[in-house]
Every structure is written in C-alpha cells, then in structure tokens.
Amino acid sequence: MNKILAVLGIVSLLTRPVLAGNETDALRYVALCEGEIARAADLLDAAKICKESTENIRVLVGESPLYVRNLITEANNKVALGNYPAAYDLYSLAADAADRLGDGQKVRALRIRQADVQVSRGKPFHAEILLRDALARLRKTKASRDQATEEADLLSRHAAVLTSLDQLPAAITEFQEAVGRLELAPKSARPVAMAVWSRYGEALERRDRYSDALEVYRRLVTLARLEPVDNQQLSYAYQQMGWMYEQLHNRSEAAAMYQKQLQVLKKLPDQQAITFEITRRLAVMGIEQTPG
C-alpha cells in the first residue's frame, strides 16, 4: 500500500498549495480507492487505502464534490465489512460537507444511507429522525414529477421505520400519502412504486389487515409483470399473497399463489432454499409437487 501511495506522489503533497490546480491528483486518489474496492480482493486493505485517499483529497481540493464522493465510497466499504458505526460516521461527514457545498440532493440521498445504517444497528428511532429530515428538505424544493417519485420513496421508507416502531396508524397514513404521490410520478418510477407497495403490504400485514394487504400485493403483481418483468418482485408478491390467504383460512387460494410462485422461481437463479420452503408449505396442505 505504501508503494502505491508513494507512486502517486504523496510526499510532494505537503509542499503544494491547497486548491491550486490539484484536481487531477485528487481524481487519481478517487480512482485508486474505487479501484481497490472494485477488485474486492481484500476489503480491509481497501479500507486503509480509501482512508488515506480521503485525507489526501481533502488536502488537495478541500471539501469538494470529490471529497464527498470518496467519503461515500469509503463508507460503502465499511458497510460491506459490517462496520456500521464507522459507515455512519463517514456518511455523516459526507452529508455535512455536501450541505456546506449546497448540494441538497446529495444530502437527502445520504440521509437515506445514514438511516439504513441506523436500522442495521438496531436504531430505528434515529433512522426515523434522519428520514424526517430528508422529507423536510425535499419539500422545500420546487415541485416536479421527479420530486413526486422521490417523495413517494421517502414517505414509504419513513413509514416502514414507523412500522418497526409500532406506530402503525401513522405509518399507514404515510403509505397512503406515498401512493397519492405515485399518481403524479412518471412511468419510469415503477421500481420505486414496487418498493412502496411492498412496504405498504408489510405494514397492513402487521395490523392484521390481511384482505387489505392482499389488494396491495395484487398491485405489486401488476407492476412486476410489466415489461421488463421483475421476477424477483413477482415471486415475493405471490408468496405474500399465499401467506395472506393462509391467514384468511383460504387454503385453495393460498396453494394457487404458491404454485404461481414456484413457476416464477424456475426463472430465477439460486432459489433452492425458497423453492424447498414453498414446496414444504404445499405438502402441508396436501398438495405434492411433481419434479420439473
């Protein structure tokens, strides 16, 4: 690692004036960090290189978009290593720098990453605050179809965290608000729409509103079957519908959903575990599956 940094001229950085035409060298450090992670031979070694790269980028170009970019890359690597506290600190540094640079869109994106990390750390209360901040920032921007998409996504993320905090009535209200925003979003928002309906269904399920959850998962099926077909989401939706029918004591409809799911699973790689589980559920219902 020391040899790599020496080649890049780390010693000469000490004699260069800050922010004096050093962007090319900063870009080389960005590429070094991203290249080490892309190779993924040793994420711990990559973490060391990225940390030094971030420090050198700040010396070269200060709190610039390149500095923010490398902080995010470094944080992503910490997530891959399962080091969530360090990842959170790095995302926070990046968000603060982006805020000072006036990049509101980047700040909102980083709030989501901060929130995801806090959920992984078992801190949903902190995640809720971060997502609420992202929503407040978004609502200060000029309304547009793209904003409707982002707001629907943020509302559903926030609602999902409220669900985990057992604030279910408030969560369902926000999911309904997110669905309303989707009506204003462009067709390209389909992946966000699927995520919204999926989170909404899970919240309704927690409220034991199985019939309502079924309707939500039907919407998810409709979206997933559009071109290009999203078989991963389609499999999930059929599985959830099967489970909802089981809760409603409708075994025949539950079995029909699971059988549809098995057909979809054949189109996906490495699905042996879930295929075994669904086949087991059908066997419990007295329905044996023939091979192929």
Side-chain angles (χ1 to χ4, degrees), residues 33-34 36-38 40 42-55 58 63 67-101 103-138 150-175 178 191-192 194-207 232 236 240 273:
C33 173
E34 293 177 353
E36 285 297 313
I37 291 174
D42 187 337
L43 291 178
L44 282 172
D45 192 45
K48 297 174 185 177
I49 291 174
C50 287
K51 185 176 186 299
E52 293 209 35
S53 293
T54 299
E55 292 169 354
R58 185 168 187 177
E63 280 196 342
Y67 172 69
V68 172
R69 175 177 164 182
N70 215 73
L71 277 171
I72 294 171
T73 303
E74 192 181 347
N76 292 344
N77 189 51
K78 295 294 187 184
V79 170
L81 288 166
N83 189 344
Y84 298 119
Y88 178 78
D89 289 343
L90 289 165
Y91 285 139
S92 298
L93 284 173
D96 290 344
D99 199 19
R100 285 189 285 271
L101 290 168
D103 191 342
Q105 185 173 4
K106 183 71 72 178
V107 174
R108 295 195 303 274
L110 283 162
R111 288 287 184 260
I112 293 174
R113 296 196 189 204
Q114 288 175 288
D116 287 344
V117 167
Q118 293 296 64
V119 169
S120 296
R121 296 174 71 186
K123 296 185 175 184
F125 178 77
H126 296 86
E128 186 275 328
I129 294 171
L130 290 161
L131 291 170
R132 183 154 30 100
D133 177 72
L135 269 168
R137 290 171 180 271
L138 177 62
E150 187 176 352
E151 190 170 0
D153 181 51
L154 270 173
L155 278 165
S156 70
R157 288 176 182 273
H158 186 249
V161 173
L162 289 177
T163 299
S164 71
L165 291 168
D166 288 325
Q167 298 181 32
L168 297 173
I172 289 173
T173 297
E174 284 204 354
F175 278 122
V192 170
M194 286 191 287
V196 170
W197 288 110
S198 176
R199 295 170 188 143
Y200 189 14
E202 291 167 3
L204 289 168
E205 181 181 344
R206 286 191 60 159
R207 290 288 285 176
Q232 198 74 48
Y236 171 78
Q240 292 304 103

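If you read the sequence from its start, that first residue is 1, and numbering goes on from there.
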I'd like to check [X] versus [Y] (side-chain heavy atoms, cut-off strictly below 4.5 Å). Are they in contact?
| X | Y | result |
| --- | --- | --- |
| Ile72 | Lys106 | yes |
| Gln114 | Tyr88 | yes |
| Leu135 | Leu131 | no |
| Ser198 | Val196 | no |
| Arg121 | His126 | no |

From [X] [atom1] over to [Y] [atom2], what is the distance, rounded to the nearest 0.5 angstrom?
| X | Y | atom1 | atom2 | result |
| --- | --- | --- | --- | --- |
| Ser156 | Glu151 | OG | CD | 11.0 Å |
| Asp42 | Ile37 | CG | CD1 | 11.5 Å |
| Arg157 | Leu162 | CZ | CG | 14.0 Å |
| Thr163 | Arg207 | OG1 | CZ | 10.0 Å |

Under 3.5 Å, which donor-acceptor pairs link side chains of residues 165-174 to any protein atom two or more places apart or in another chain?
unit_1: Asp166; atom_1: OD1; unit_2: Arg206; atom_2: NH2; d: 2.5
unit_1: Thr173; atom_1: OG1; unit_2: Pro169; atom_2: O; d: 3.1
unit_1: Glu174; atom_1: OE1; unit_2: His158; atom_2: ND1; d: 2.7
unit_1: Glu174; atom_1: OE2; unit_2: His158; atom_2: ND1; d: 3.1

Between [Y] and [X], is the closest basic N to carboxylate O distance under 4.0 Å?
| X | Y | answer |
| --- | --- | --- |
| Arg137 | Asp99 | yes |
| Arg132 | Glu128 | yes |
| Arg111 | Asp116 | no |
| Arg100 | Glu63 | yes |

Review point. Can Thr54 and Asn70 be counted as having a side-chain donor-acceptor contact under 3.5 angstrom?
Key: yes
Check your understanding: Strictly by modelled atom types, are Glu150 and Gln105 linked by a side-chain donor-acceptor pair under 3.5 Å?
Key -> no
Check your understanding: With no hydrogens and no angle check, is any side-chain donor or acceptor of Asn77 less than 3.5 Å from a backbone partner on Cys50?
Key -> no
Point to revise | Residues which pass ring pair (Phe, Tyr, Trp, His ring centres under 6.0 Å) with Tyr200, listed by chain and number, not counting sequence neighbours | key: Phe175
Point to revise | Those residues that, when tested against Tyr91, pass ring pair (Phe, Tyr, Trp, His ring centres under 6.0 Å) (two or more places apart) | key: none
State, to 0.1 Å, how close [X] and [Y] come at their nearest heavy-atom pair, and which atoms those are.
| X | Y | result |
| --- | --- | --- |
| Ala127 | Ala115 | CB-O, 3.5 Å |
| Leu43 | Ala80 | CD1-CB, 4.0 Å |
| Cys33 | Thr73 | SG-CG2, 3.7 Å |
| Ala47 | Leu81 | CB-CD1, 4.3 Å |

Exercise for review: Any chance you could lay out the side-chain contact (heavy atoms from CB on, under 4.5 Å) test for Asp103 and Arg108, step after step, and finish with the verdict?
Suggested key: CA-CA 9 Å; Asp103 191 342; Arg108 295 195 303 274; over 6 Å; no
Check your understanding: Run the salt bridge (charged side-chain N to carboxylate O under 4.0 Å, His left out) check on Lys51 and Glu55 step by step: do they pass?
Key -> CA-CA 6 Å; Lys51 185 176 186 299; Glu55 292 169 354; 2.8 Å; yes
Check your understanding: In a check of side chain to side chain contact (heavy atoms under 4.5 Å, CB included) between Val161 and each of Ile129, Leu130, Val119, which one passes?
Key -> Val119
Check your understanding: Can Leu90 and Asn76 be said to form a side-chain contact (heavy atoms from CB on, under 4.5 Å), step by step?
Key -> CA-CA 9 Å; Leu90 289 165; Asn76 292 344; over 6 Å; no
